[in-house]
Amino acid sequence: MTGLRVTHVGGPTALLEVGGWRILTDPTFDPPGRRYAFGWGTSSRKLTGPAVAAGDLGPVDAVLLTHDHHGDNLDDAGRALLPAAGTVVTTAAGAARLGGNAQGLTPWSTARLAKPGSPTIEVTATPCRHGPPLSRPVVGDVVGFALRWPGQRHGAVWVSGDTVLFGGVRAVADRIQVGVALLHLGGVRFPLTGPVRYTMTADRAVELCRLVRPRTVVPVHYEGWAHFRQGRAGIERAFAVAPPDVRRTVRWLEPGVPTELEA
C-alpha cells in the first residue's frame with residue numbers, strides 16, 4: 001500500500017488519506033477577517049478562509065496538532081472538531097491543556113494509531129523551535145510528526161510543524177527516511193519583533209531538503225495570514241535556483257483538491 005491522498009485545506013491544515021485512515025493536521029476552519037493574539041503583544045489577521053468547510057470535511061480518525069496555543073494552527077472551528085476525532089496527537093503541554101482524547105508526545109517519542117481493517121500508523125514526534133534561540137518560554141512547545149506504516153516505498157510522511165531551521169530539525173536527516181514532506185514555511189515575523197523569524201524561509205527549506213532529501217515536498221503554512229511574510233512567489237524563486245534534485249521535488253497542491261502522492 002503506497003497511495004497517499006493529500007488535500008490542502010489552507011494554511012497548515014491538510015487532510016491525509018491512506019489505507020482507510022483520514023488524518024487531519026492543524027485544524028483551522030474559521031472564516032477570514034478576525035485578528036488573533038499570539039502573546040507578548042503579537043497578533044495577526046486571517047486573510048482567507050478554508051478551501052473545504054468544516055461541515056464538508058467528513059469523518060476524521062485522528063488529528064495531528066503541532067501546537068494548540070496559536071490561532072493559525074488551531075482556531076475556534078478547528079477546536080470544535082477535536083472531540084469527534086478518535087485521537088488528537090499533540091505536544092505534552094497541549095495534551096494537558098486539551099484533555100479528553102488528546103495524547104501528548106515529546107520529541108522522538110512515538111504513538112500508534114490503530115483501527116480494524118487499516119494499517120497501524122506509527123507517529124514519531126520530531127523537534128521544532130518556533131523562533132530564535134531561547135524563545136521557547138515565549139512561543140511555547142511545538143512538534144512535527146513523522147508517519148510510518150507497512151508498505152511505504154519511499155519513507156515516512158513528515159509534517160515539519162512550525163519551526164525555524166536548527167539542529168533538532170536537521171537531526172531528522174539522520175534518524176528518518178522521508179518520502180513526503182509537508183513543510184511549514186511562510187517566514188513568519190511580526191512588526192513588534194523586527195526581522196526575527198518564527199518559521200522557515202524558503203532558503204532555509206532548500207537547505208533542509210538538501211539534508212533530508214525527501215522524494216516530494218509539499219509547501220504549506222505560507223498563505224492566508226498577514227504574518228506569513230513569504231508567499232508562493234518567494235518560495236518558487238528560492239527553489240528555482242536550488243540544485244536540480246531539490247528543485248524537482250516540490251509539489252504545489254491546489255487548495256481543496258485531493259491529490260495523489262506516492263508514499
Side-chain angles (χ1 to χ4, degrees), residues 6-16 23-60 63-85 88 90-91 94 97-98 128 130-131 135 138-140 142 159-164 182-202 218-236 252-259:
V6 180
T7 305
H8 186 201
V9 174
T13 309
L15 179 66
L16 313 179
I23 300 172
L24 188 67
T25 69
D26 284 356
T28 55
F29 290 91
D30 283 357
R34 175 179 162 189
R35 180 169 290 276
Y36 297 74
F38 295 110
W40 291 77
T42 61
S43 66
S44 182
R45 186 176 301 280
K46 188 171 186 179
L47 304 177
T48 60
V52 180
D56 297 331
L57 188 66
V60 173
V63 170
L64 302 180
L65 179 58
T66 64
H67 57 304
D68 69 303
H69 52 282
H70 290 157
D72 60 327
N73 295 84
L74 180 67
D75 58 20
D76 291 346
R79 192 176 295 268
L81 295 175
L82 300 185
V88 178
T90 187
T91 63
R97 286 187 290 264
L98 293 171
C128 292
H130 198 359
S135 62
V138 177
V139 300
V142 182
V159 180
S160 73
D162 286 11
T163 186
V164 296
L182 276 67
L183 294 187
H184 289 212
L185 302 178
V188 165
R189 55 190 175 99
F190 299 95
L192 182 68
T193 52
V196 173
R197 300 283 183 170
Y198 294 89
T199 61
M200 272 188 289
T201 62
V218 177
V220 298
H221 194 274
Y222 63 87
E223 42 67 48
W225 289 80
H227 65 306
F228 294 175
R229 297 304 179 89
Q230 187 178 54
R232 177 168 175 169
I235 298 168
E236 287 182 326
W252 294 96
L253 303 189
E254 182 178 349
V257 178
T259 302

Is the shortest side-chain heavy-atom distance between [X] and [Y] below 4.5 Å?
| X | Y | value |
| --- | --- | --- |
| L183 | P219 | no |
| E254 | T259 | no |
| V9 | P255 | no |

ask   = Salt bridge check: are R34 and D76 linked by an N-O gap of less than 4.0 Å?
value = yes
key: Salt-bridge contact R97-D68 (side-chain N to carboxylate O under 4.0 Å)   = yes
What are the two closest heavy atoms between [X] and [Y], and how far apart are they?
| X | Y | result |
| --- | --- | --- |
| S44 | A226 | OG-N, 3.4 Å |
| F29 | L57 | CZ-CD2, 3.9 Å |
| Y222 | F228 | C-CD1, 3.4 Å |
| S160 | C128 | O-SG, 3.1 Å |

Donor-acceptor contact present, side-chain [X] to main-chain [Y], <3.5 Å:
| X | Y | result |
| --- | --- | --- |
| S43 | R35 | no |
| T13 | D26 | yes |
| D75 | D30 | yes |
| H221 | L185 | yes |
| T25 | I23 | no |
| H69 | F38 | no |
| T66 | V142 | no |
| S135 | V138 | no |

remark   = When rounded to the nearest 0.5 Å, the distance separating OG1 of T28 from CH2 of W225 is 7.0 Å
message = If I take atom NE2 from residue H130 and atom OG1 from residue T199, how far apart are they, to the nearest 0.5 angstrom?
response = 7.0 Å
query = Of all residues at least two apart in sequence or in a different chain, which pass the side-chain contact (heavy atoms from CB on, under 4.5 Å) check with T201?
reply = R197, D203, R204, Q230
query = Going through the distances and angles, do H184 and V159 end up as a side-chain contact (heavy atoms from CB on, under 4.5 Å)?
reply = CA-CA 8 Å; H184 289 212; V159 180; 3.7 Å; yes
task = Might you work through the side-chain contact (heavy atoms from CB on, under 4.5 Å) test for L81 and V63, ending with a clear yes or no?
result = CA-CA 9 Å; L81 295 175; V63 170; 6.0 Å; no
request  = Starting from the C-alpha separation in whole Å, work towards a yes-or-no answer on side-chain contact (heavy atoms from CB on, under 4.5 Å) for L65 and L98.
outcome  = CA-CA 11 Å; L65 179 58; L98 293 171; 3.7 Å; yes
Side-chain H-bond candidate by donor/acceptor type, D72 with H227, under 3.5 Å = yes
message = Side chains of Y198 and T42 only: does a donor on one sit below 3.5 Å from an acceptor on the other?
response = no
message = With side-chain contact (heavy atoms from CB on, under 4.5 Å) as the criterion, how do N73 and D162 come out once you've worked through the C-alpha distance, each side chain's angles and the decisive distance to 0.1 Å?
response = CA-CA 9 Å; N73 295 84; D162 286 11; 3.0 Å; yes
